[in-house]
Enquirer: 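The structure under discussion is supplied below as structure tokens; questions concerning it will follow.
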Amino acid sequence: MRLSRYFLPTLKENPAEAQIASHRLMLRAGMIRQGAAGIYSWLPMGLKVLKNIEQIVREEQDAAGAQELLMPTIQSADLWVESGRYDDYGKEMLRIEDRHGRQMLYGPTNEELITDIFRKEVRSYRDLPKNLYHIQWKFRDEIRPRFGVMRGREFLMKDAYSFDLTAEAGKASYNAMFVAYLRTFARLGLKAIPMRADTGPIGGDLSHEFIVLADTGESEVFFDKAFDALDPMIEVDEGADLQPIVDAWTSHYAATDEIHDAENCPVDSAELITGRGIEVGHIFFFGDKYSKPMNAVVQGPEGETTPVQMGSYGVGVSRLVGAIIEACHDENGIVWPESVAPFKVGLLNLRTKDDECTAACDKMYADLKAAGIDVLYDDTNDGAGAKFANMDLIGLPWQLAVGPRGLKNGVVELKNRKTGERVELAPEEAVAKLSA
RNA sequence: CGGGGAGUAGCGCAGUCUGGUAGCGCACUACACUGGGGGUGUAGGGGUCGCAGGUUCAAAUCCUGUCUCUCCGACCA
């Protein structure tokens, strides 16, 4: 993509309303613009990152045996009345009336809807287990939205729902999601710690929050140093018992500041790590909490009818964009992990008016594209300084600077955004290195 | 929902107290110079001062109402 044609409205100055790094940087880097409090438009580069994250989440869900579907954003209130949550949910739920006076709502979550879909179609235990998920926009009318996409009212969420015959089988489904989450966050370039969680309005007796570590995170977290030794990229064989892995990840102490009690902490202070974190995932096993009142039942092997055992598993996809930036930025701007970066490399033409320089840039641009590399080519007439600053701001993993000075010696400069390391090498070598 | 703050050009702000031709920096347009870390000069364009009433010869400025945004608290993926 040529920058001269790309819709990337970057800002040199900080917008007054943005308090935290990710919000500030998302606005400055031209990723989002606010429509109303807690509601954002995603501009091309922001959307690209969002889609990249979404895709990694999707791949890991699919790999864990979940199947994607898509439920609507607007739901009928009837189902919520049936589950008893229509009144429980309170003002956080955006209620809408259609032209016929029917009560509708913009879904804050989808347990009722998925349970309804399930109960209408599934009759036999032979159809179990099932795990269905979708990635869809949700709305929760937060009292006070803040921190940009981290605490918006409208947000993109992956939510999966598992259905099993027995609690034991349900636990296995829960474990599969647990491991999928470890892998997902690792692939996103994040360090995530699972913590035992309050089940809140969703309910149930087994639940974990996944907290991503970031120096500027919203809450303080405490966890055992032992987590550092665990590898999140677990290879899962189909049908394998994941309980030992889950046990390994849940046997160590981890707590947010709300629960943490320094006096009675079971971990020696020398073994305890204190940091800040952002909740990006939450998984629940809640048994028959919804299946029972909503009569989602299957016939078992003995012919008996039993409510299915359910779990639900959420990932804040849009929130992750902010969380990743909180975890990956410096004073100059964003530092994208390569897995989610909007482009892999930024190609900087430092002197567009120099025909030789521009010819060399055009060729590298063509070569990089031919090699299948996603490249943002700064072909604008801005000064070199402005180009470097802008490229640092938007945080592409690699910067390829091409100017007459280097070309005279047959070299271009390749800079790693994260380490700041710069090397000079021949244009073909640079393309080869980026293609590797 | 309780308590603060703010709405003036795309962004950041001054002007409001003490009413009298709407300003500054950045960004934008044109030209020239410059050219490896947000460069320089010259000349330009752009705002019914959030909205609605009111007071006045005259309102960004005073009064009333209203909407929006934002910060702190309780709540949350």
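Order of the sequence lines sets the chain letters (A, B, ...), proteins ahead of strands, with each chain counted from 1.
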Enquirer: Using atom P of each nucleotide, how far apart are B/G46 and B/U29 to the nearest Å?
Expert: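 These two P atoms come out 15 Å apart once rounded.
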Enquirer: Sticking with atom C1', work out how far B/G19 lies from B/C76, rounded to a whole angstrom.
Expert: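 Result for the C1' pair: 48 Å, nearest Å.
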Enquirer: Scan every strand shown for a Watson-Crick or G-U wobble partner of B/A6, both distances under 3.5 Å, and answer none if you come up empty.
Expert: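 Paired with B/U68.
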Enquirer: Given that both distances must come in under 3.5 Å, which nucleotide forms a Watson-Crick or G-U wobble pair with B/A43?
Expert: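 Paired with B/U29.
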Enquirer: Rounded to the nearest angstrom, tell me the gap between atom CD in A/Glu13 and atom P in B/C11.
Expert: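 A/Glu13 atom CD is separated from B/C11 atom P by 11 Å.
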Enquirer: Going by side-chain contact (heavy atoms from CB on, under 4.5 Å), name the residues that satisfy it together with A/Pro72, two or more places apart in sequence or in a different chain.
Expert: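 Partners of A/Pro72 by the side-chain contact (heavy atoms from CB on, under 4.5 Å) criterion, ordered by chain and then number, come out as A/Leu113.
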Enquirer: B/A77 P sits how many Å from A/Asn110 CG, rounded?
Expert: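 Rounded to whole Å, this separation is 15 Å.
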Enquirer: What contact category does A/Gly152 fall into here, base, sugar-phosphate, or nothing, at under 4.0 angstrom with non-hydrogen atoms?
Expert: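 Here A/Gly152 touches the bases of the nucleic acid.
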Enquirer: Ring centroid separation for A/Trp80 and A/Tyr89, is it under 6.0 angstrom?
Expert: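 Yes, the ring centres sit under 6.0 Å apart.
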Enquirer: Nearest whole angstrom, please: distance from the P of B/A77 to the NZ of A/Lys138.
Expert: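 Nearest whole value for this atom pair: 13 Å.
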Enquirer: Hey, is NZ on A/Lys344 packed in by over 12 heavy atoms from elsewhere, all under 6.0 Å?
Expert: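 Yes - once you tally the heavy atoms of other residues, nucleotides and ligands closer than 6.0 Å, there are more than 12.
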Enquirer: Between B/C17 and B/C71, how far apart are the two C1' atoms, rounded to whole Å?
Expert: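 Going atom to atom, C1' in each nucleotide, I get 25 Å.
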Enquirer: In the structure shown, which nucleotide is the Watson-Crick or G-U wobble counterpart of B/C76, with both distances under 3.5 Å?
Expert: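 Base-paired to nothing in any strand shown.
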Enquirer: Looking only at the aromatic ring of each residue, does the gap between the centers of A/Phe178 and A/His208 stay below 6.0 angstrom?
Expert: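 For A/His208 and A/Phe178, the ring centres are under 6.0 Å apart.
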Enquirer: What is the distance, to the nearest angstrom, from the CZ atom on A/Phe139 to the C1' atom on B/C76?
Expert: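 Whole-Å distance recorded here is 14 Å.
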Enquirer: Taking all heavy atoms of A/Leu213 and all of A/Ala327, pick out the closest pair and write down the distance.
Expert: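 Looking at all heavy atoms of both residues, the closest pair is O-CB, 3.7 Å.
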Enquirer: Rounded to the nearest angstrom, tell me the gap between atom CG in A/Leu25 and atom P in B/C11.
Expert: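 The answer, rounded to whole Å, is 19 Å.
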Enquirer: Taking atom P in both B/U40 and B/A27, compute the distance separating them and give it to the nearest angstrom.
Expert: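 To the nearest whole Å, 9 Å.
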Enquirer: Does the ring center of A/Phe222 lie less than 6.0 Å from the ring center of A/His260?
Expert: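 Ring centroids of A/Phe222 and A/His260 are less than 6.0 Å from each other.
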Enquirer: Under 4.0 angstrom, heavy atoms only, what part of the nucleic acid is A/Lys353 near: base, sugar-phosphate, or nothing?
Expert: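 If one applies the 4.0 Å heavy-atom cut-off, A/Lys353 turns out to touch a base.
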Enquirer: Mind checking whether A/Phe388 and A/Gln399 have side chains closer than 4.5 Å, heavy atoms only?
Expert: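 Contact flag for A/Phe388/A/Gln399 side chains = yes.
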Enquirer: Could you tell me which nucleotide pairs with B/U21 by Watson-Crick or G-U wobble geometry, both distances under 3.5 Å, or answer none if nothing does?
Expert: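 For B/U21, the partner nucleotide comes out as none, under the 3.5 Å rule.
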Enquirer: Under 3.5 Å, which N/O atoms of the protein pair with N/O atoms of nucleotides 36-44 of chain B?
Expert:
unit_1	atom_1	unit_2	atom_2	d
B/G36	O2'	A/Arg405	NH1	2.9
B/G36	O2'	A/Arg405	NH2	3.4
B/G36	O6	A/Gly403	N	3.1
B/G36	O6	A/Gly403	O	3.1
B/G36	O6	A/Gly406	N	3.0
B/G36	N2	A/Glu413	OE1	2.9
B/G37	O6	A/Lys415	NZ	3.2
B/G37	O6	A/Arg422	NH2	3.0
B/G37	N1	A/Asp392	OD2	3.2
B/G37	N1	A/Lys415	NZ	3.3
B/G37	N2	A/Asp392	OD2	2.1
B/G38	O4'	A/Ala386	N	3.3
B/G38	O2'	A/Lys12	NZ	2.8
B/G38	O6	A/Arg28	NH2	3.2

Enquirer: Using heavy atoms to find the nearest nucleotide of RNA chain B for A/Val149 and A/Asn381 separately, return the residue whose nucleotide is more 5′.
Expert: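 With A/Val149 and A/Asn381 compared, the 5'-side residue is A/Asn381.
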Enquirer: Distance check, P atoms only: B/A9 and B/G23, in whole angstrom units.
Expert: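 Comparing P positions in B/A9 and B/G23 gives a spacing of 13 Å.
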Enquirer: What is the ring orientation for A/Tyr365 with A/Tyr377, classed by angle as parallel under 30°, tilted 30 to 60°, or perpendicular over 60°?
Expert: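 The arrangement is tilted - the two ring planes meet at 30° to 60°.
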Enquirer: Sticking with atom C1', work out how far B/C26 lies from B/A14, rounded to a whole angstrom.
Expert: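 Roughly 15 Å separates the two C1' atoms.
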Enquirer: Which base, if any, makes a Watson-Crick or G-U wobble pair with B/U55, both distances under 3.5 Å?
Expert: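 When the pairing criteria are applied, nothing turns out to pair with B/U55, so the answer is none.
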Enquirer: For A/Arg319 and B/C76, what is the distance between atoms CZ and C1' respectively, to the nearest whole Å?
Expert: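 Going from CZ in A/Arg319 over to C1' in B/C76 covers 8 Å.
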Enquirer: Under the criterion salt bridge (charged side-chain N to carboxylate O under 4.0 Å, His left out), I'd like the reasoning laid out for A/Asp164 against A/Lys171: C-alpha separation, chi angles, the key distance, then a yes or no.
Expert: CA-CA 9 Å; A/Asp164 288 279; A/Lys171 186 79 198 303; over 6 Å; no
Enquirer: Quick check: any donor-acceptor pair below 3.5 Å linking the side-chain of A/Arg151 to the base of B/C76?
Expert: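 Side chain to base: pair found, below 3.5 Å.
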Enquirer: When all nucleic acid strands are considered with a 4.0 Å heavy-atom cut-off, which category describes A/Glu279: base, sugar-phosphate, or nothing?
Expert: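 Since only primed, P, OP1 and OP2 atoms lie under 4.0 Å of A/Glu279, the category is sugar-phosphate.
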Enquirer: Nearest whole Å is fine: how far is B/A27 C1' from A/Asn14 CG?
Expert: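 The distance from CG of A/Asn14 to C1' of B/A27 comes to 15 Å, rounded to the nearest Å.
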Enquirer: Using atom P of each nucleotide, how far apart are B/G45 and B/C1 to the nearest Å?
Expert: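 Result for the P pair: 47 Å, nearest Å.
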Enquirer: Please check if the side chain of A/His329 supplies one atom and the backbone of A/Ile325 the other of a donor-acceptor pair under 3.5 Å.
Expert: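 At least one qualifying donor-acceptor pair exists.
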Enquirer: Rounding to an integer number of angstrom, what distance separates B/A60 and B/G3 when you compare their C1' atoms?
Expert: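 About 28 Å, rounded to a whole number of Å.
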Enquirer: Output one line per pair: protein atom, nucleotide atom from nucleotides 69-71 of chain B, and distance, for all N/O pairs under 3.5 Å.
Expert:
unit_1	atom_1	unit_2	atom_2	d
B/C69	OP1	A/Ala37	N	2.9
B/C69	O3'	A/Gln34	NE2	3.1
B/U70	OP1	A/Gln34	OE1	3.2
B/U70	OP1	A/Gln34	NE2	3.1

Enquirer: Can A/Glu154 and A/Arg140 be counted as an ion pair, charged N to O under 4.0 angstrom?
Expert: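 No salt bridge links A/Glu154 with A/Arg140.
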Enquirer: Provide, to the nearest angstrom, the distance between the CE atom belonging to A/Met195 and the C1' atom belonging to B/A77.
Expert: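 From A/Met195 CE to B/A77 C1': 15 Å.
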